[in-house]
Amino acid sequence: VQLQASGGGLVQPGGSLRLSCAASGRIYRMGWYRQAPGKERELVATITSGGSSNYADSVKGRFTISRDNAVNTVYLQMNSLKPEDTAVYYCNGRNLLGNLDYWGQGTLVTVSS
């Protein structure tokens with residue numbers, strides 16, 4: 001399975017961005033991780049094919065993850081962005097057993113005035 005992410009860019013604090021990630025096939029769980037300079041990669045949000053979602057505490061209430069199973073695409077709507085949200089965002093896919101991970105190329109999100 002291949003993942004193709006898009007939607008990063010430069011935005012001012014308080015602004016919004018929407019990331020998209022299209023998969024070449026069906027994946028049980030899709031989501032987003034991010035890695036800021038000098039930090040480890042961390043989970044941002046995930047969503048299963050059934051619609052169950054999970055968020056990092058740092059983004060709850062600001063980010064919304066959704067997916068369109070018909071086109072194997074996951075979205076991350078990011079609102080009220082903060083400078084600390086600046087990172088490379090990676091799309092992730094995981095199978096039902098949890099023993100296979102797929103990664104898309106990263107997309108850079110920069111929050112700065």
Side-chain angles (χ1 to χ4, degrees):
V1 176
Q2 294 181 331
L3 303 175
Q4 181 68 42
S6 61
L10 173 64
V11 63
Q12 292 186 344
S16 298
L17 277 178
R18 188 192 196 207
L19 305 182
S20 300
C21 176
S24 60
R26 293 182 177 183
I27 304 177
Y28 169 68
R29 194 193 81 172
M30 298 183 74
W32 296 91
Y33 288 68
R34 67 186 181 187
Q35 187 167 18
K39 295 188 177 181
E40 294 187 354
R41 190 174 297 188
E42 62 176 2
L43 181 146
V44 176
T46 62
I47 186 167
T48 67
S49 56
S52 295
S53 59
N54 179 53
Y55 295 91
D57 288 343
S58 59
V59 306
K60 283 181 180 177
R62 301 187 298 120
F63 292 9
T64 302
I65 192 168
S66 61
R67 68 186 285 170
D68 185 340
N69 291 329
V71 292
N72 300 320
T73 299
V74 64
Y75 306 97
L76 184 68
Q77 178 66 43
M78 305 184 293
N79 298 329
S80 302
L81 283 160
K82 304 175 181 180
E84 51 263 44
D85 294 317
T86 295
V88 177
Y89 284 69
Y90 295 92
C91 180
N92 168 264
R94 180 171 291 180
N95 67 344
L96 179 61
L97 293 178
N99 61 341
L100 284 176
D101 271 304
Y102 306 93
W103 294 96
Q105 88 287 5
T107 184
L108 178 63
V109 172
T110 303
V111 185
S112 175
S113 55

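Placement of Met78 and Tyr75 in two distinct hydrophobic clusters is found when ILVMFWY residues are connected by side-chain heavy-atom separations under 4.5 Å, directly or transitively. There is a path of hydrophobic side-chain contacts, each under 4.5 Å, that joins Leu43 to Val88.
Applying the side chain to side chain donor-acceptor pair (under 3.5 Å) test to every pair with at least one member in residues 50-62, sequence neighbours left out, gives these pairs: Arg34-Ser58, Asp57-Lys60, Arg62-Asp85. Sorted by first and then second residue, the salt bridge (charged side-chain N to carboxylate O under 4.0 Å, His left out) pairs with a member in residues 95-106 read Arg94-Asp101; sequence neighbours excluded. Residue pairs meeting the disulfide bond (SG atoms under 2.5 Å apart) criterion with at least one member in residues 34-113, sequence neighbours excluded, are Cys21-Cys91. Listed by first and then second residue, the side chain to side chain donor-acceptor pair (under 3.5 Å) pairs involving residues 4-14 amount to none (not counting sequence neighbours).
For Val109 against Leu17, the heavy-atom pair with the smallest separation is CG1-CD1, 3.8 Å. Minimum heavy-atom separation, Val1 to Gly25: CG1-N, 4.1 Å. Of all heavy-atom pairs between Ala87 and Leu108, the closest is O-CD1, 3.6 Å. When all heavy atoms of Ile27 and Ala23 are compared, the closest pair comes out as CD1-CB, 3.9 Å.
The line from OG1 of Thr46 to CH2 of Trp32 is 13.0 Å long, rounded to the nearest 0.5 Å. Separation of atoms CZ (Phe63) and CG (Leu81) is listed at 5.0 Å; rounding is to 0.5 Å. Atom CG of Leu76 is separated from atom CZ of Arg18 by 10.0 Å, given to the nearest 0.5 angstrom. Distance CG/Asn92 to CE/Met30: 8.5 Å, rounded to 0.5 Å. Here Ile65 contributes atom CD1 and Gln77 contributes atom CD; the two are 12.0 Å apart, rounded to the nearest 0.5 Å. Atom OH in Tyr28 sits 14.5 Å away from atom CG in Leu100 (nearest 0.5 Å).
Side-chain atoms of Asn95 come within 3.5 Å of backbone N or O of Gly98 as a donor-acceptor pair. Thr86 places a side-chain N or O within donor-acceptor distance of the main-chain N or O of Val111, the cut-off being under 3.5 Å.
Annotation: ring-ring contact (aromatic ring centres under 6.0 Å, His included) contacts of Tyr33 (sequence neighbours excluded): Trp103. Partners of Ser16 under the side chain to side chain donor-acceptor pair (under 3.5 Å) rule, at least two apart in sequence or in another chain, are Asn79.
Counted within 6.0 Å of CD on Glu84, heavy atoms from surrounding residues, nucleotides or ligands total more than 12; the atom is thus considered enclosed. Crowding of Gln105 atom CD: a count of heavy atoms from other residues, nucleotides or ligands under 6.0 Å exceeding 12.
Between Leu10 and Ser112 there is a side-chain heavy-atom pair separated by less than 4.5 Å.
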